[in-house]
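Written below as structure tokens is the structure these notes are about.
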Amino acid sequence: MSIGKLLRSIGIFVLLLALLVIAGITFLTSRDRANNYPVSTQGLSIPIFTQQYIDFVPTYDKTKTIPFAAGAVIDIDGDGVEELFFGGGMEQQDAIYRFENGQFFDVTSQSGWVKDVPDKTFSAVSLDFDKDGDNDLLVTRQSGVFLYDNNDGKFSSIKLNLDLNAETVPLSVAVADLNRDGFFDMYISGYIAREYVRGTTIFNEEYGGTSELYLNTGDNTFKNVTKAAGLHYKHNTFQAVFIDVDDDRLEDLVVAHDTGQVRTWKNMGDLTFQQKSNPTSNYFSYPMGIAVTDLKNDGLPDFFFSNVGSTVPTSLVRGDLNEDQVLNKDWLLFENQGNFEFVDSAEKSQLADYEFSWGAVFEDFNLDGRDDLVVSENYEGWPLHKLPLWRLDGRFLLQSENGVFMETGNEAGVLNREYGITPLTADFNQDGYPDLVHVNLLGPQNVFLSDGGDNGYLKVVLPNTIESVGAKVSVTLEDGSTLVQTFIVGEGLVSDQSHTLIFGLGVGSAVLIEARFLDGSIKQLDGMFRNQRIKF
């Protein structure tokens with residue numbers, strides 16, 4: 001055989017081998033996207049969405065920062081149609097978009113929004129912090145925490161003076177009024193700064209950022225009370241929410257650790273917290289995003305936590321775990337049993353066996369009275385996610401009458417193969433049906449506008465102030481059944497959802513609306529309500 005023929009044969013062999021490798025990887029990634037709970041969706045009302053893009057593309061330099069992108073829903077001008085906030089990357093401005101005439105338009109310059117520092121914006125939450133009737137934004141960045149005051153649609157900012165650990169970046173923030181003085185207090189979820197990162201699978205070392213609890217002493221000055229509150233630890237933390245877990249009118253704290261466990265802290269009523277055991281206390285996992293619902297409508301909130309799932313082989317994510325230490329890669333669903341006791345019902349609810357995920361949110365997208373679940377997916381650091389062909393679609397899971405969740409992303413037209421960080425939900429087109437946005441790390445922002453339907457809705461708007469955090473709203477229907485939601489700030493991952501509570505009424509109407517605030521006050525309205533927006 002001539003040298004030329006030999007080289008051609010070798011070339012053909014290499015080409016065939018490469019094609020086989022590509023085909024094998026494509027097969028494996030398609031299996032990772034497979035529906036692991038294939039059940040019939042017959043009789044289930046599947047909402048249909050129309051997709052559009054927002055052309056804001058965050059920058060990401062992995063040598064200087066960590067892979068997160070802020071997203072928040074905020075009603076800047078108080079007209080009931082909410083705007084979208086997106087955090088910019090290094091040397092990039094943030095952006096604000098308004099929905100008008102079926103499209104989103106950049107209104108950053110009109111809002112007076114200015115980012116004076118050249119670092120990445122990690123997270124944002126919206127609230128009327130100064131109680132002047134305008135919704136403000138609290139933003140975390142690589143260099144610290146910034147409060148943006150909204151004055152008639154124009155923003156001005158200050159950097160809060162906080163004693164954050166030098167190795168820590170404030171990844172996200174949870175807010176509540178823990179001492180009932182009318183000022184917002186903060187729990188800052190800390191993550192290790194890029195220059196100090198030594199690995200992503202470290203479980204057993206005291207390693208990572210330091211999370212801190214700050215009490216507001218007035219005039220936006222803060223006192224670090226982390227150690228006195230019993231909350232001091234050093235471990236990378238993604239997200240936290242303040243919420244009344246055990247119905248004692250006190251804001252408890254639920255925290256998602258990287259390479260660790262979910263931490264559930266009971267508020268003891270004296271500015272101290274006591275750690276309580278939960279289903280993750282005896283094993284290790286990668287809880288990231290936090291979504292909140294009330295599966296039984298009993299006033300006891302339930303929690304979903306994302307995880308690495310089936311995407312990454314176990315051998316690559318066990319890190320420094322010992323042989324006798326258990327790793328759980330499945331998605332988690334904490335069903336609240338009362339008295340700070342939880343049962344992981346993810347498998348029963350057909351949510352356990354899925355793939356790598358980040359942020360998540362519960363919302364009743366088909367307005368049938370049952371919360372559905374949306375999860376953002378794909379990891380910029382995973383080699384097989386470099387090409388869209390090999391990425392995940394994100395999950396759009398509708399809840400059935402018997403409490404199981406069914407994948408309907410294809411049927412609904414909700415697929416996101418960008419590097420999704422978190423979903424956001426709000427009713428932008430004002431048809432009563434919730435719309436959806438996937439906040440993406442690198443690509444454009446993916447918007448899915450609901451095409452609407454025949455089911456009825458009730459929107460409940462509480463004062464968007466610190467006093468409403470943790471308030472529980474119950475809606476009684478004509479048949480006597482009740483739907484319950486909690487006013488939450490910071491659900492998802494480094495994000496904040498619409499604070500307008502949307503209740504799905506199906507074909508019926510509501511006859512009673514009751515809001516119970518943590519200060520003990522109660523507001524009620526009775527009548528006949530359907531396809532209405534009620535503002536307390």
Side-chain angles (χ1 to χ4, degrees), residues 45-56 69 71-77 79-86 95-107 124 126 135 291 293 359-376 393-399 408-416 418 420-440 443-461 485 488 491-493 495-505 531-533:
S45 175
I46 300 177
I48 305 301
F49 294 81
T50 299
Q51 183 178 359
Q52 61 178 250
Y53 295 97
I54 294 175
D55 61 1
F56 178 74
V73 176
I74 175 175
D75 187 355
I76 293 175
D77 51 11
D79 65 352
V81 181
E82 291 156 309
E83 283 74 45
L84 280 168
F85 170 84
F86 299 109
I96 298 174
Y97 283 79
R98 174 172 293 151
F99 188 77
E100 294 178 356
N101 300 319
Q103 298 288 327
F104 285 91
F105 297 93
D106 189 340
V107 293
S126 170
N135 295 317
T293 186
V361 63
F362 282 107
E363 182 70 279
D364 186 359
F365 287 97
N366 57 4
L367 300 180
D368 64 356
R370 296 181 295 273
D371 270 354
D372 311 303
L373 179 67
V374 180
V375 184
S376 289
D393 295 324
R395 290 293 179 179
F396 186 81
L397 300 140
L398 296 181
Q399 186 181 173
T408 57
N410 276 311
E411 296 92 330
V414 181
L415 301 175
N416 181 58
E418 305 292 344
I421 296 298
T422 192
L424 297 177
T425 179
D427 181 15
F428 297 107
N429 58 13
Q430 299 295 292
D431 64 356
Y433 276 70
D435 305 310
L436 177 65
V437 178
H438 274 289
V439 178
N440 295 317
Q445 309 308 300
N446 221 342
V447 177
F448 301 91
L449 296 175
S450 176
D451 291 349
D454 298 325
N455 282 341
Y457 67 88
L458 177 65
K459 296 181 179 181
V460 178
V461 181
Q485 292 189 42
I488 303 166
E491 182 182 5
L493 179 61
S495 62
D496 198 15
Q497 311 298 323
S498 169
H499 294 172
T500 297
L501 306 180
I502 302 178
F503 293 85
L505 304 181
N531 295 343
Q532 292 172 256
R533 182 177 184 264

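- Side-chain contact check for T425 versus V73: every heavy-atom pair is 4.5 Å or farther apart.
- Between F362 and Q399, every side-chain heavy-atom pair lies at or beyond the 4.5 Å cut-off.
- Not counting sequence neighbours, the partners of N135 by the side-chain contact (heavy atoms from CB on, under 4.5 Å) test are I74, D75, S126, D128, N464.
- Remark: D106 pairs with T108 by the side chain to side chain donor-acceptor pair (under 3.5 Å) rule, at least two apart or across chains.
- A69 pairs by the side-chain contact (heavy atoms from CB on, under 4.5 Å) definition with I421, V439, L441, not counting sequence neighbours.
- Taking T293 as the reference, D371 meet the side chain to side chain donor-acceptor pair (under 3.5 Å) condition, with sequence neighbours excluded.
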Identify every side-chain donor-acceptor pair in residues 45-52 under 3.5 Å, counting partners at least two apart or on other chains, and give the distances.
residue : atom : partner : partner atom : Å
T50     : OG1  : D451    : OD1          : 2.8
Q51     : NE2  : Y53     : OH           : 3.0
Q51     : NE2  : N446    : OD1          : 2.8
Q52     : NE2  : G102    : O            : 3.1

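- Considering only residues two or more places apart in sequence or on other chains, D364 meets the side chain to side chain donor-acceptor pair (under 3.5 Å) condition with none of them.
- Residue pairs meeting the salt bridge (charged side-chain N to carboxylate O under 4.0 Å, His left out) criterion with at least one member in residues 422-438, sequence neighbours excluded, are D427-K459.
- With sequence neighbours excluded, the residues satisfying side-chain contact (heavy atoms from CB on, under 4.5 Å) with Q532 are L458, F529, I534.
- Take I54 and apply the side-chain contact (heavy atoms from CB on, under 4.5 Å) test, not counting sequence neighbours, and it matches F56, L84, F86, Y97, F104, Q445, V447.
- Taking the side chain to side chain donor-acceptor pair (under 3.5 Å) definition, one finds that E83 meets it with R98, sequence neighbours left out.
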